[in-house]
Every structure is written in C-alpha cells, then in structure tokens.
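Keep in mind that the numbers below use all heavy atoms, side chains included, and drop hydrogens, waters and symmetry copies. Since the structure is predicted, the reported quantities are computational estimates derived from the model, not experimental observations. Naming: A, B, ... by sequence-line order, numbering from 1 per chain.
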There are 2 protein chains.
Amino acid sequence: MSKSSVSRVLANEGVGVAEAKRKRIQRAIKQLGYVRNELASSLRTDRTKLVMLLIPDITNPTWAETARGVQDAMDEEGYDVMFANSDWNERRELAFIAKAKQNRFDGILINPVQIDNDALLAAGIPAVILGLLKGYPQFDAVGSDNYASVNESLGHLTSLGHRRIGLIMGMRHRKSTPTRLTAYLDFMRESGNSLDDSLIVTVPFTQEGGGKGLKQLRELSDPPTAVFCDNDILAIGAFLAAREAGVQIPGELSIIGVDDIFAASITTPPLTSVSKPKYETGRQAARLLLERLRDHDLGLPRKVLLPCTLKIRGTTAEPPHR
Amino acid sequence: MSKSSVSRVLANEGVGVAEAKRKRIQRAIKQLGYVRNELASSLRTDRTKLVMLLIPDITNPTWAETARGVQDAMDEEGYDVMFANSDWNERRELAFIAKAKQNRFDGILINPVQIDNDALLAAGIPAVILGLLKGYPQFDAVGSDNYASVNESLGHLTSLGHRRIGLIMGMRHRKSTPTRLTAYLDFMRESGNSLDDSLIVTVPFTQEGGGKGLKQLRELSDPPTAVFCDNDILAIGAFLAAREAGVQIPGELSIIGVDDIFAASITTPPLTSVSKPKYETGRQAARLLLERLRDHDLGLPRKVLLPCTLKIRGTTAEPPHR
DNA sequence: TTGTAAGCGTTATCAT
DNA sequence: ATGATAACGCTTACAA
C-alpha cells in the first residue's frame with residue numbers, strides 16, 4: 001500500500017480510508033514500531049503544534065505556577081509547551097526567539113527582558129506578553145493588576161491608622177518605572193499623606209536588601225510605622241531585621257509583601273502579602289495565543305488585567321499609640 | 001549563485017567558499033531577512049541540537065536549580081534545552097518522550113515518574129537519568145548521595161547524645177523503597193540504637209503532613225528527642241506544630257530537614273538541613289549526555305554520585321537531660 | 001477509495 | 001571553488 005494511505009490514517013484518524021485497510025495499516029505501524037517524523041511533517045505543513053514559553057528566571061516560583069497554567073490550557077488543544085530560560089540574559093533571549101522561529105514553533109509566550117515591541121514584531125512569530133509591561137502596544141498581554149494591589153494594600157494600612165508608610169523597592173533589570181512605585185506615589189499624593197522621598201528606598205532584590213532597606217528607614221528622624229515591600233523576599237528580610245532590632249511586629253511596625261511565596265506563610269506571625277493569579281495568568285495567556293493561532297488576523301491586541309488578592313495575615317495592625 | 005554555496009556559508013562559516021562570494025551571500029542574507037529553516041536542516045542531517053529536560057514538577061525549586069546547571073553546560077556546546085513538565089502524570093511523561101523522539105531531539109534528561117528502563121530504552125533516544133533511582137541499569141545517571149546524607153545527619157544527632165530518633169517520611173509517587181528509609185534502618189541497626197517501628201511515620205508531602213507526623217510521634221509513650229524529616233516542607237510543618245505545642249526547639253526537640261529550601265533559612269531558629277548539589281547535578285547530567293551524543297557507543301552506563309552537605313543551623317542540639 | 005508524483009528547504013555527493 | 005542533482009520523510013493535489 002502507499003505512503004498516502006498511511007499518511008491519511010495518521011492525519012485524520014482514517015477519514016477517507018477503507019476500514020479494512022485502516023486496520024491493516026495500524027497493525028503494521030504497531031509491528032514495525034514506526035514513529036512518524038514530525039520534522040518532515042512540519043516542514044510540509046509549516047506548523048509544529050509547539051509553543052515556547054520564554055521566561056527570565058525559572059527559579060522564581062511565580063513563573064513555575066504560570067507555566068503550569070500555560071501548559072494545562074495548551075495541552076487541551078493538543079499543543080506542547082517548551083520552557084526556555086533566558087536567565088535575564090539578553091543574548092540568550094534573542095537566541096531563543098531565533099530558535100523558536102527557526103524551528104517553526106507556532107507561537108511564543110514571553111516575559112521580555114530586553115527585546116522591544118519592534119524587534120519582537122520583526123521576529124515574525126505570534127507572541128503574547130506575560131506581564132503588563134509598558135512598551136508592547138502591538139501584542140496581546142496578560143498580567144496582574146499591580147497598580148490596584150498597591151492601592152488596596154496602602155488603603156488597608158491607612159484604614160488601620162498608618163500615615164507614614166515606607167516603600168522598599170527592589171532594583172530592576174528593566175528600565176521603565178515600576179508600576180508599584182507609580183501606584184505608591186499616586187496613592188500618597190491623592191490621600192494627602194505625607195509624601196516624603198526619604199520614605200522610598202531602593203535595594204537589591206534579596207533578603208539582605210530588605211534588611212538594609214528597613215534599617216535605612218528606621219534611621220529616619222520620623223520613621224514609618226508601616227512598610228510596603230516590592231516582594232516577599234524583601235519583606236522577609238525587613239521582617240527579620242526588624243525583629244533582630246527588637247521591633248515588635250505588628251505592634252510597632254506593619255509589613256506587607258508581594259507574591260505570597262511559601263516562605264511568607266511560615267514566619268511568626270505570617271506575612272501579609274499580595275497574592276497574584278499566577279496559574280490563571282498562564283491559562284489566559286495561552287488562550288490569547290491559541291486564538292491568534294486559530295485566526296491569524298484577529299484585529300487589535302488585547303490586554304487582560306487579572307486581579308490580585310491581598311492576603312491579610314499577621315504582620316499588619318494598628319500603629320503604636322504615641 | 002547556487003543554494004549549495006549559501007548552505008556552505010551557513011554551515012561552516014564559509015569553508016570552501018571564496019571570500020568575495022561569501023561576502024556577497026552574507027549581504028544578501030541580511031538584505032532579504034532570510035532565516036534558515038532548521039526543520040529542513042534537521043530533516044536532512046538528523047540532528048537538532050535540541051535536548052529535552054523532563055521533570056515531574058516545575059514548581060519544585062530543586063529542579064529549577066538543576067535546570068540552570070543543565071542549561072549552562074548545554075549552552076557551552078551550542079545545544080538548547082527545552083523544559084517539559086510531566087506534573088507526575090504518566091500520560092504526559094510518555095507524550096513528551098514521544099514528542100522528543102518525533103521531533104528528533106538529540107537527547108533527553110529525565111527524572112522519571114513511571115517509564116521504566118525497558119520502555120525508555122525502547123524509545124530509542126539517548127537519555128540520562130536525573131536522580132539515582134533504582135531500576136535504570138542501562139542508563140547514565142547523576143544524583144546526590146542521599147544514603148550518605150542520612151548517615152551524616154543521624155551521626156550528627158547521635159554524637160549530640162540522641163538515642164531515640166524519629167523519622168517522618170513523605171508518601172511517594174514511586175513504588176521503590178526510598179533510599180533515605182533504607183539508610184535510616186541501616187543506621188539504626190548498625191549503631192545499636194533502639195530500632196522501633198513506631199518511630200517511623202509516613203505522611204503526605206505537605207506542611208500539614210509534617211505537623212501530623214510530629215503529633216503522632218509525640219503521643220508515643222517514649223517520644224523521640226530528635227526527628228529527621230524527608231524534606232524541608234515536612235520539617236517546617238513539624239517545627240511549627242512543635243512550637244505550637246509549646247515544645248522548645250532545639251532545647252527539647254531537634255529537627256533536621258532535606259533540600260535546604262529558602263524557607264528553611266528563615267525559621268527562628270533556622271532549620272538544620274541537608275543541602276543537595278542541585279546545580280552541579282544538572283551540569284554533570286548534561287556532561288554525560290553530551291559525551292553520549294558525541295560518541296554513540298560509549299560503553300557501560302555511568303553512575304555519578306554527588307555529595308550532599310549537612311547545613312547545621314539552629315534546630316539541632318543536645319537532648320534534654322532527664 | 002487508492003495510488004502517483006510534486007514539493008517543503010535543506011545538505012551531501014558528484015561533476016565541472 | 002562552484003553548481004546541478006538527489007535525497008531526507010512527509011502531505012496533498014490530482015488522476016485513476
């Protein structure tokens with residue numbers, strides 16, 4: 001029998017092939033241990049049913065959860081997901097995008113480190129941006145509502161009675177102004193709180209950084225009664241440094257972090273933290289990409305904003321009475 | 001000019017092509033924005049310079065670190081690494097291995113969930129096993145020395161004066177007897193300590209599981225003065241449950257965990273834990289695979305055993321005096 | 001329903 | 001050094 005019949009059996013589960021012949025072919029496939037060469041198939045059809053998920057740091061548990069969401073959604077449509085890890089390295093990021101293109105991946109989900117809107121467009125591969133970064137107007141994007149989460153956090157602290165609220169920011173790989181900083185400034189301005197530059201410190205994205213940031217804030221003549229930290233690692237660093245210095249938490253100092261990592265739940269008391277919809281971000285991003293793949297010219301880029309949840313735990317309370 | 005010359009320029013950086021012609025070709029490539037179709041290239045050459053790293057749980061930080069080791073080593077040789085996540089799901093594991101084969105990945109690094117030696121052999125793709133699991137005699141493997149690490153940990157506790165040492169094991173996805181259990185039993189037998197089955201409890205691999213395990217041990221008529229836990233999550237669960245019950249740590253109870261995750265370092269006091277050579281495991285595994293790819297019949301499978309380090313921190317001390 | 005043949009974009013072989 | 005040509009393993013008109 002001919003190649004075409006075999007191909008038909010493999011492609012359409014046997015549409016347009018006589019039942020008897022189909023059986024015979026399938027038996028032969030089993031017996032010979034034949035596996036179809038997807039490379040050749042893809043070369044012919046120009047689609048691979050493969051998408052790339054390109055992230056800067058596989059070590060970050062946030063991305064791991066997102067990856068699972070992407071995978072689950074893609075799996076349902078028969079796509080496979082390959083993760084690639086750029087390690088905040090521009091060279092690697094470009095290399096992976098090139099690989100995706102050269103190996104004819106059908107699409108790519110990316111949390112970009114360096115590549116900009118135009119370069120990504122020039123790469124000529126359907127892409128969805130993970131995270132609502134500025135500067136990618138021509139792409140679908142999915143991210144969580146950092147701005148709103150800061151608002152909610154600062155609102156929580158304010159309603160507890162805090163007036164002087166510190167901000168410990170981590171140093172970014174990217175240039176653009178972080179949304180959380182913007183949100184903090186807006187909140188302070190609008191709420192008529194003391195907007196004091198010395199309440200904002202920037203430190204490395206590490207536990208030590210958090211500790212250093214807190215120490216700096218405590219040395220102020222009029223130190224804050226609460227601190228919002230850019231993520232949980234910083235918050236934990238601040239927490240431990242404060243306790244080391246004999247500061248009662250939350251009695252004398254309130255702390256809020258971001259990400260709701262595992263470690264945040266095991267401090268004593270457990271850390272109040274902003275929880276992001278990690279898994280759902282992955283699912284939604286996958287959905288957007290799948291729609292683009294199905295319908296090549298789908299019109300304007302869509303931006304999906306997913307809500308965060310403030311998990312109020314043990315590190316926030318009323319400020320001390322004077 | 002002909003396809004062949006272009007191909008030569010791309011393949012060998014221009015060996016066997018006149019300088020002038022090479023320049024002209026490269027200019028044309030730039031101008032036309034040509035990107036070589038790796039699919040077609042791979043179809044012809046039967047190699048992709050792609051390897052798959054297949055792990056059961058991308059959410060586990062241990063694997064994330066290992067992945068970085070793999071990637072760094074592979075990158076040096078011009079290979080790209082695609083991560084795949086089987087999610088402890090047998091179907092997915094098989095599907096990914098099939099994908100790797102069908103898309104002609106050059107090799108695969110795998111921490112197997114279900115697939116056994118023979119099935120993996122039948123898949124017909126060069127493979128290296130991550131972790132020294134029993135049952136893969138025909139494959140190269142890299143793992144850490146769990147047996148020795150248990151020995152060292154129990155030795156540490158014994159030298160502090162502990163005689164009754166509990167063991168909190170997590171429930172496995174795999175069937176085989178866990179090395180750490182074997183090591184515990186051997187140590188107890190050989191050291192002439194009390195070998196008491198009631199000192200061994202098995203619980204789900206969660207924080208709650210660790211807490212439950214500890215409670216169970218404390219209800220014994222002659223409870224242990226120290227507990228070795230199968231990993232840090234369990235250890236932290238046990239730690240918090242013990243403290244909740246008013247038990248002084250390490251004064252009244254010593255605790256050791258395994259993995260040295262971030263959270264282990266931030267308990268008060270910080271957790272004594274077995275640290276595994278995660279990154280190095282990845283590097284070594286990549287090395288073994290690269291050697292196999294270079295030299296197809298390399299002889300007998302090699303097993304690489306990497307040492308763990310016991311990080312003695314704050315949760316181990318002498319047992320209470322009677 | 002089935003088979004024939006062209007073609008996907010490369011690389012390898014062989015003349016020139 | 002260069003170019004023509006076959007082949008890699010598949011899919012898909014088109015013809016039978």
- Query: Nearest 0.5 Å, what's the CE-CG distance between A/Met82 and B/Asn85?
  - Reply: 11.0 Å

- To 10°, what angle do the rotation axes through the five end pairs on each side of the helix from C/dT1-D/dA16 to C/dT16-D/dA1 form? 40°

- Item | Between P of D/dC10 and CG of B/Asn103, the distance in whole Å | 13 Å

- How long is the line joining CG of B/Leu39 and C1' of C/dC8, in whole Å? 10 Å

- Query: Could you go step by step and tell me if A/Tyr34 and A/Leu10 meet the side-chain contact (heavy atoms from CB on, under 4.5 Å) rule?
  - Reply: CA-CA 11 Å; A/Tyr34 165 84; A/Leu10 264 63; 3.7 Å; yes

- Residue set satisfying side chain to side chain donor-acceptor pair (under 3.5 Å) with A/Asp72, at least two apart, ordered chain then number -> A/Tyr279, B/Arg92

- Query: Tell me: CD of A/Glu19 to P of C/dT2, nearest whole Å?
  - Reply: 11 Å

- Task: Measure up the B/Phe83 and A/Phe83 rings against each other and bin them: parallel (under 30°), tilted (30 to 60°), perpendicular (over 60°).
- Result: perpendicular

Between side-chain atoms of residues 284-292 of chain A and protein atoms elsewhere (two or more places apart, or another chain), which donor-acceptor pairs fall under 3.5 Å?
{"from": "A/Gln284", "atom 1": "OE1", "to": "A/Arg287", "atom 2": "NH1", "distance (Å)": "2.3"}
{"from": "A/Gln284", "atom 1": "NE2", "to": "A/Glu280", "atom 2": "OE2", "distance (Å)": "3.0"}
{"from": "A/Arg287", "atom 1": "NE", "to": "A/Glu291", "atom 2": "OE2", "distance (Å)": "3.2"}
{"from": "A/Glu291", "atom 1": "OE1", "to": "A/Arg302", "atom 2": "NH1", "distance (Å)": "2.4"}
{"from": "A/Arg292", "atom 1": "NE", "to": "A/Asp140", "atom 2": "OD2", "distance (Å)": "2.7"}
{"from": "A/Arg292", "atom 1": "NH1", "to": "A/Gly299", "atom 2": "O", "distance (Å)": "3.3"}
{"from": "A/Arg292", "atom 1": "NH2", "to": "A/Asp140", "atom 2": "OD1", "distance (Å)": "3.0"}
{"from": "A/Arg292", "atom 1": "NH2", "to": "A/Gly299", "atom 2": "O", "distance (Å)": "3.3"}
{"from": "A/Arg292", "atom 1": "NH2", "to": "A/Leu300", "atom 2": "O", "distance (Å)": "3.1"}

- Task: Grab the CD1-C1' distance between B/Ile25 and D/dG3 for me, whole Å please.
- Result: 12 Å

- Message: Using a 3.5 Å distance criterion without hydrogens, assess whether the side chain of B/Thr281 forms a donor-acceptor pair with backbone atoms of B/Pro277.
- Response: yes

- Is any side-chain N or O of B/Ser5 closer than 4.0 Å to OP1 or OP2 of D/dG3? yes

What donor-acceptor contacts under 3.5 angstrom involve side-chain atoms of residues 48-61 of chain B, with partners at least two apart or in another chain?
{"from": "B/Thr48", "atom 1": "OG1", "to": "B/Leu50", "atom 2": "N", "distance (Å)": "3.3"}
{"from": "B/Thr48", "atom 1": "OG1", "to": "B/Arg104", "atom 2": "O", "distance (Å)": "2.8"}
{"from": "B/Lys49", "atom 1": "NZ", "to": "B/Glu77", "atom 2": "O", "distance (Å)": "3.2"}
{"from": "B/Asp57", "atom 1": "OD1", "to": "B/Thr59", "atom 2": "N", "distance (Å)": "2.9"}
{"from": "B/Thr59", "atom 1": "OG1", "to": "A/Glu65", "atom 2": "OE1", "distance (Å)": "3.4"}
{"from": "B/Asn60", "atom 1": "OD1", "to": "B/Thr62", "atom 2": "N", "distance (Å)": "2.8"}
{"from": "B/Asn60", "atom 1": "OD1", "to": "B/Thr62", "atom 2": "OG1", "distance (Å)": "3.1"}

Can you list, pair by pair, the side-chain donor-acceptor contacts under 3.5 Å of residues 112-130 of chain B, counting residues two or more places apart and other chains?
{"from": "B/Asp116", "atom 1": "OD1", "to": "B/Asp118", "atom 2": "N", "distance (Å)": "3.3"}
{"from": "B/Asp116", "atom 1": "OD1", "to": "B/Ala119", "atom 2": "N", "distance (Å)": "2.9"}
{"from": "B/Asn117", "atom 1": "OD1", "to": "B/Gln138", "atom 2": "N", "distance (Å)": "3.2"}

- Item | Nucleic acid footprint by protein, nucleotides 9-16 of chain C - heavy-atom cut-off 4.0 Å, B for base, S for sugar-phosphate alone | BBBB----

